[in-house]
Trainee: 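Would you mind keeping the following structure in view while I ask a few things?
Remember, it's a predicted structure, so these values are computed and weren't measured experimentally.
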Amino acid sequence: MHARSVVAAAIDGATDELVQTRLTPDHGHIRSWIQDLPGPVAVTYEPGPTGFGLSRALEADGIRCVVAAPSKLQRPCGDRIKTDARDAVHLARLLRLDEITAVTVPGVDQEAARDLVRAREDCRGDLMRARHRLSKLLLRHGIVYTDGAAWTGAHHAWLARQHLPTPATRMAFDAGHETVLATLARLDRLDATITAMAADSEFTAVVARVCCLRGISTLTGFGLAVEIGDWHRFTGNTIGAFLGLVPSEHSSGASRAQGPITKTGNTHARRLLVEAAWHHRPAYRIGATMRARWDNAPAAARARGDAGNRRLHERWVRMLERKKRPTVATVAIAWELAGWCWSLAVMDEVKDEVAAG
């Protein structure tokens, strides 16, 4: 699947006949070609930048569609020739053998919410870069802010009072400052929209429960909820691997070697958890902010969140006593934090299963 071309291959299950063709990306054209094949038909493709629209269109027509996880496709190590036609045949053969690892196709509303939180993530990166460019422009001219924390209201007022020596430099400074202010306003609008959606959507209950943990605000909880989606397809042990927070390993025979974390899976969710893990380092106190979040959650979630907060802070203390580097300790805490988030997210489902049993 590409933006402007599609290469397709089909294998007849009875005769092993191979049919290959080149199609346009139009969903109607693709569906028409598939419907002309002798049924029943199953389809697979790698989503890439083209997304899940084709999968939804095929499922609506009653055609089984398996969206393949590209990182899980089996490929011979000696295969050094890669073309679209060969990839299409390879996918068809793997589907016939039922060797395709499928990805979970998000619903339309979930994908829209995911687009929103990823737009905020992009805006956050844009703001960081814009601030960096502006501060370094001033630094090159020997102008440094020393009256407190940067990027506060006082800092912005100080920036507005700066007068650089030449017209060209003043123009560059004004452009950089304007970019910072515009990006900050855009970030505030996105934050307000996400907060409103978190309060009234299909993710509201999950967000309220995971926010019982320290470091997980409404924005972070909503980001985790929409990125992970269906939490009960994981367990407390497997969600860390999905997020790339487990150590890589190369073991054979009697030797066992572990390396850095795999960093596979969802990058955005992993960053949110690592950022939240830092909040568990200070001594645990239940302040007004935490109590306000607990007011939105059921009693069982509050108790679970309190237990998780105490456990994660104790883990931080033990790691610091063992002289672990803070970066290593943070990732380890993030790995365990992912498990606590999972236990809170599926709390209602687990309770219902126990009651039914």
Trainee: Between Arg129 and Asp126, does at least one N-O distance fall below 4.0 Å, as a salt bridge requires?
Mentor: yes
Trainee: Is the terminal nitrogen or CZ of Arg233 (NZ for Lys, CZ for Arg) located under 6.0 angstrom from the six-membered ring centre of Phe242 and within 45° of that ring's axis?
Mentor: yes
Trainee: Quick check on Asp36: does its CG atom have over 12 non-hydrogen neighbours (other residues, nucleotides or ligands) under 6.0 Å away?
Mentor: yes
Trainee: Give a yes or no on whether Glu178 atom CD has more than 12 heavy-atom contacts from other residues, nucleotides or ligands under 6.0 Å away.
Mentor: no
Trainee: Measuring from Ile143:CD1 to Phe173:CZ, what's the distance to the nearest 0.5 Å?
Mentor: 7.5 Å
Trainee: Have His2 and Asp84 got a donor and an acceptor in their side chains that come within less than 3.5 Å?
Mentor: yes
Trainee: Could Glu99 and Arg93 be called an ion pair, given the rule that one side-chain N must be under 4.0 Å from one carboxylate O?
Mentor: no
Trainee: So does Asp79 have more than 12 non-hydrogen atoms from other groups sitting under 6.0 Å from CG?
Mentor: yes
Trainee: For the CE atom on Met171, are there more than 12 heavy atoms of other groups (residues, nucleotides or ligands in this structure) within a distance under 6.0 Å?
Mentor: no
Trainee: Give, for atom CG of Leu273 and atom CH2 of Trp278, the distance between the pair rounded to the nearest 0.5 Å.
Mentor: 15.0 Å
Trainee: Are any of the side-chain nitrogens in Asp87 or Arg75 under 4.0 Å away from the carboxylate oxygens of its partner?
Mentor: yes
Trainee: Quick one: do Glu59 and Arg56 make a salt bridge, cutoff under 4.0 Å?
Mentor: no
Trainee: State, to 0.1 Å, how close Ala3 and Pro25 come at their nearest heavy-atom pair, and which atoms those are.
Mentor: O-CG, 3.2 Å
Trainee: Strictly below 4.0 Å, N to O, side chains only: are Arg96 and Asp16 in salt-bridge contact?
Mentor: yes
Trainee: A side-chain contact here means heavy atoms from C-beta on lying under 4.5 Å apart; do Arg311 and Trp340 qualify?
Mentor: yes
Trainee: Suppose we call two aromatic rings close when their centres sit under 6.0 Å apart. Are His313 and Trp316 close by that rule?
Mentor: no
Trainee: Rounded at 0.5 Å granularity, tell me how far CG in Leu159 sits from NE2 in His177.
Mentor: 4.5 Å
Trainee: Give a yes or no on this: more than 12 heavy atoms of other residues, nucleotides or ligands lie within 6.0 Å of atom NE2 of His132.
Mentor: no
Trainee: Does Arg318, at its CZ atom, have more than 12 non-hydrogen atoms belonging to other residues, nucleotides or ligands within less than 6.0 Å?
Mentor: yes
Trainee: Any carboxylate oxygen within less than 4.0 angstrom of a Lys/Arg side-chain nitrogen, looking at Arg291 and Asp295?
Mentor: no
Trainee: For the atom pair CD1 (Ile228) and CD (Gln110), what is the distance rounded to the nearest 0.5 Å?
Mentor: 10.5 Å
